[in-house]
Visitor: 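This structure is in structure tokens; I'll ask about it shortly.
Predicted model, so just to flag it, every value in this text is computed and none were measured.
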Amino acid sequence: MSDSIASEYVLAPTSATNTATTNGVSTDAIPVTGDANASGWYNFSIKGADVHIIFGNSSVAAATTSNGLYLPAGISNMYYITPQTRYYRAIATSTVSGQVVSVAKVGP
């Protein structure tokens, strides 16, 4: 029996960052990768409050509740990050103690 989603290839995180988010205020542009040429799968986990995230380069526009990808609190989702999308900005939709966007690189 084969695994149809290839979960045997999802490796443990090799690095992680936590960024606090604020209701109504976009974060600065945050680099997901440490290397400008790096690509890979990154797991985004949202704790505390729903957020909107926008991906791009180092000059990515501020995240707003109308231009970003909506991620509800409690979700954990993987995205493939490329050199062109290696930065993100996030904005929370409410104020909750401990709200944070956690990002972990999955695999090497």
Side-chain angles (χ1 to χ4, degrees):
M1 180 176 194
S2 68
D3 185 79
S4 63
I5 61 168
S7 61
E8 67 270 27
Y9 300 110
V10 178
L11 305 174
T14 57
S15 66
T17 61
N18 294 304
T19 302
T21 55
T22 305
N23 180 27
V25 179
S26 179
T27 61
D28 290 335
I30 300 160
V32 178
T33 68
D35 177 354
N37 297 312
S39 295
W41 287 99
Y42 287 79
N43 188 57
F44 285 72
S45 298
I46 312 304
K47 178 185 174 193
D50 301 349
V51 298
H52 292 262
I53 291 181
I54 186 168
F55 294 94
N57 59 27
S58 60
S59 60
V60 62
T64 70
T65 56
S66 62
N67 75 354
L69 171 68
Y70 174 76
L71 297 174
I75 197 169
S76 184
N77 224 1
M78 282 198 299
Y79 299 99
Y80 192 80
I81 301 299
T82 69
Q84 294 76 32
T85 61
R86 74 182 203 96
Y87 286 84
Y88 76 93
R89 292 179 74 161
I91 187 171
T93 58
S94 62
T95 300
V96 177
S97 179
Q99 61 198 51
V100 68
V101 174
S102 294
V103 180
K105 182 171 186 346
V106 180

Visitor: Should Y88 and I81 be regarded as members of a common hydrophobic cluster, given that ILVMFWY residues are connected when their side-chain heavy atoms come within less than 4.5 Å of each other, either directly or indirectly?
Guide: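 As far as the 4.5 Å side-chain criterion goes, I81 and Y88 are connected within one cluster.
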Visitor: Quick one: pull up OG1 in T93 and CG in N23 and give me the separation to the nearest 0.5 Å.
Guide: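 It comes to 7.0 Å.
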Visitor: For S58, which residues count as a side-chain hydrogen bond (donor to acceptor under 3.5 Å, both in side chains) partner, sequence neighbours excluded?
Guide: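 Counting only residues at least two positions away or on another chain, S58 forms no side-chain hydrogen bond (donor to acceptor under 3.5 Å, both in side chains).
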Visitor: Could you report the tightest heavy-atom contact between S26 and R89, atom names first, then the distance?
Guide: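 Where S26 meets R89 most closely, the heavy atoms are OG-NE, 3.3 Å.
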Visitor: Which pair of non-hydrogen atoms, one from L71 and one from I75, has the smallest distance, and what is that distance?
Guide: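 Closest approach of L71 to I75: CB-CG2, 4.1 Å.
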Visitor: Hey, what do you get for OH (Y42) to OG1 (T33), rounding to the nearest 0.5 Å?
Guide: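 Reported value, rounded in 0.5 Å steps: 5.0 Å.
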Visitor: Listed by chain and number, what are the side-chain contact (heavy atoms from CB on, under 4.5 Å) partners of P31, not counting sequence neighbours?
Guide: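 P31 satisfies side-chain contact (heavy atoms from CB on, under 4.5 Å) with R86, Y87 only.
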Visitor: The criterion is ring pair (Phe, Tyr, Trp, His ring centres under 6.0 Å); which residues satisfy it with F55, sequence neighbours excluded?
Guide: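 Listed in chain order: F44, Y79.
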Visitor: Quick one: does any side-chain atom of N77 pair with a main-chain N or O of I46 as donor and acceptor, under 3.5 Å?
Guide: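 No; zero donor-acceptor contacts below 3.5 Å.
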Visitor: Within the 4.5 Å heavy-atom criterion, are V100 and T21 side-chain neighbours or not?
Guide: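 A side-chain contact is absent here, since even the closest heavy-atom pair is not under 4.5 Å.
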Visitor: Honestly curious: do I53 and V103 fall in one hydrophobic cluster under the side-chain, below-4.5 Å linking rule?
Guide: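 Both belong to a single hydrophobic cluster.
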Visitor: What residue pairs, at least two apart or across chains, pass side chain to side chain donor-acceptor pair (under 3.5 Å) with a residue in residues 43-54?
Guide: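 Those involving residues 43-54 are N43-S45, N43-S76, S45-S76, D50-Y70.
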Visitor: Going through the checks in order, is the side chain to side chain donor-acceptor pair (under 3.5 Å) test met by N57 and S59?
Guide: CA-CA 5 Å; N57 59 27; S59 60; 2.9 Å; yes
Visitor: Evaluate S102 against N18 for side chain to side chain donor-acceptor pair (under 3.5 Å), listing each step before the verdict.
Guide: CA-CA 4 Å; S102 294; N18 294 304; 2.4 Å; yes
Visitor: Do V101 and V60 belong together in a cluster built from hydrophobic side chains that touch within less than 4.5 Å?
Guide: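 Unlinked, V101 and V60 end up in two clusters.
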Visitor: Name all residues meeting the side-chain hydrogen bond (donor to acceptor under 3.5 Å, both in side chains) criterion together with T82; count only those two or more places apart in sequence or in a different chain, and write none if there are none.
Guide: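 Scan of T82 (side-chain hydrogen bond (donor to acceptor under 3.5 Å, both in side chains), adjacent residues dropped) gives Q84, T85.
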Visitor: Could you work out, with side-chain hydrogen bond (donor to acceptor under 3.5 Å, both in side chains) as the rule, every residue matching S97, not counting sequence neighbours?
Guide: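 Applying side-chain hydrogen bond (donor to acceptor under 3.5 Å, both in side chains) to S97 gives none.
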Visitor: Looking only at atom types and distance, does a side-chain atom of Q99 sit under 3.5 Å from a main-chain N or O of V51, one as donor and one as acceptor?
Guide: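 No, Q99 side chain to V51 backbone: no donor-acceptor pair under 3.5 Å.
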